[in-house]
Student: 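One structure coming up, written as structure tokens, with questions to follow.
For reference, positions follow the sequence shown, starting with 1. Start at 1 and go down the list; that is how both ligands and their atoms are numbered.
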Amino acid sequence: MQSRENWGSRFGFVMAAAGSAVGLGNIWKFPYVTGENGGGAFLILYLAFILIFGLSLVIAEMAIGRMTQKNPVGAFRTLAGGAWPLIGYLGVATGFIILSFYIVIAGWTVAYMVFMLSGHLASTDSAQIAEVFTGYIGNGAWSVTTAVLFMLACCAVVVGGIGRGIERASRLLMPTLFVMLLILVVRAVTLEGAGEGLAFYLKPDFSKVTGATFTAAIGQAFFSLSLGMGALITYGSYLSRSERLPGAAFMVVGLDTLVAVLAGFMILPAVFAYALDPAAGPGLTFITLPVVFAQMPAGTLFGFVFFALLFVAALTSAVSLLEVVVAYLVDEKQLSRARAVTWSAMICLALGIPSALSQGAVDSLVFGGQSFLDWAAQLTDILLPLGGLLTALFVGWVMGPRLVREITNDGDVAFPLAGVWLFVCRFIAPLGIAWVLIAGLI
Ligand code: VAL
């Protein structure tokens, strides 16, 4: 058997894993969910969940991948028999569902880069921008086309493999993303009237916190960290045995959280500076922000940079989701990489088309008050924490100290919090996640 390809360097791995984590979840979803859920209060919950559950599970998933050097299904099968490999299947399926609607939204960023330059979004009237947005997403042919284009970009990266494909793209794209983000944050917080947005973001309003806020915050934490979707197990499986895992995991979690927090600093002050509504929901990025850019000096340029930023973030994330399925097909079904990429992209597109068409093109794809895309997204908000809960149980009760030995390279690498980590996996994470899930359902 051919030996498994490894990341070329620690930096390459961290950039790829941070590329997976930093995505639409941080830049598109986080600011609007924060806007809808009372600003600072949501921020506190989100940060708490990242710290309590997120970090421990990131370490756990990466370690499971590295220990087995296998895709999620193969990894659980190698470590334990019985029903445990089902967690792997759950992860692969969840990643696949996410990818199916992710390419649709990412496709919107492709269109918006063009719209920004062509002047389609040069209006200070949000009703007019809303018309451009709904006109475009409601046009089935266009939204399917941009989703296909985006998927092709993902395939181009993934088919190149780990080192020459994913790692090379991430090493280039992630630093670019940070530079673009910093430029936009500086622009936003120096706008006149930005202070009110900063206050909204940083001063918690606990009266807006309900059971649903908890579910939203935990779903957001898992989505953002790429947990429960097989991605970190898969990326971990390409990590060399000699790397120090805890440090890499800390860096990935830190970068992901930093980008989400900075995205809040980039968007909320700008929205307030122009007296717009922070609770505009999913349209915050695609309807509200163009109005902001239209009023800002050199707004076309900043607007273009913003949607390019969103595109880059989405690409490195979608690549990791595609790699989950590709790794599964290559390891378990012995497909060549090229074939695995072709098949998974085609099936995923087939599943994504209803999401693309549910935005106004086909009325019957809206049911129960939500579009097909919303249903898919909502389903994953439950599947992700569920996957996390099961992984925590597995790690805490089945693997236990065995995985600690893996994390510490048999005692060579310091992991002073091993005891706390194991305690979190055994008790805190399963009970806490279950509690949040039940509170949300009730
Ligand atoms: N973690 C990414 C994001 O936040 C994806 C892979 C879901 O968008």
Student: Any side-chain heavy atom of Met113 sitting closer than 4.5 Å to one from Phe311?
Tutor: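 Met113 reaches Phe311 side chain to side chain.
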Student: If you take all heavy atoms of Gly219 and Asp381, which pair is closest and at what distance?
Tutor: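 Distance-wise, the nearest heavy atoms are CA-OD1, 3.9 Å.
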Student: For Arg77, enumerate each residue passing the salt bridge (charged side-chain N to carboxylate O under 4.0 Å, His left out) test, keeping only those at least two apart in sequence or located in another chain.
Tutor: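 Result, salt bridge (charged side-chain N to carboxylate O under 4.0 Å, His left out) vs Arg77: Glu332.
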Student: What residues come within 4.0 Å of ligand 1, counting heavy atoms only?
Tutor: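 Within 4.0 Å of ligand 1, the protein residues are Ser20, Ala21, Gly23, Leu24, Gly25, Asn26, Tyr102, Phe223, Ser224, Ser226, Met229, Ser317.
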Student: Does any part of the side chain of Ile267, heavy atoms only, come nearer than 4.5 Å to the side chain of Tyr201, both counted from C-beta?
Tutor: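 A side-chain contact under 4.5 Å is absent here.
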Student: Applying side chain to side chain donor-acceptor pair (under 3.5 Å), run through Tyr328 and Ser344 and close with a yes or a no.
Tutor: CA-CA 10 Å; Tyr328 167 73; Ser344 28; over 6 Å; no
Student: Can you say whether the rings of Phe214 and Trp435 are parallel (under 30°), tilted (30 to 60°) or perpendicular (over 60°)?
Tutor: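 Perpendicular: the ring planes of Phe214 and Trp435 meet at over 60°.
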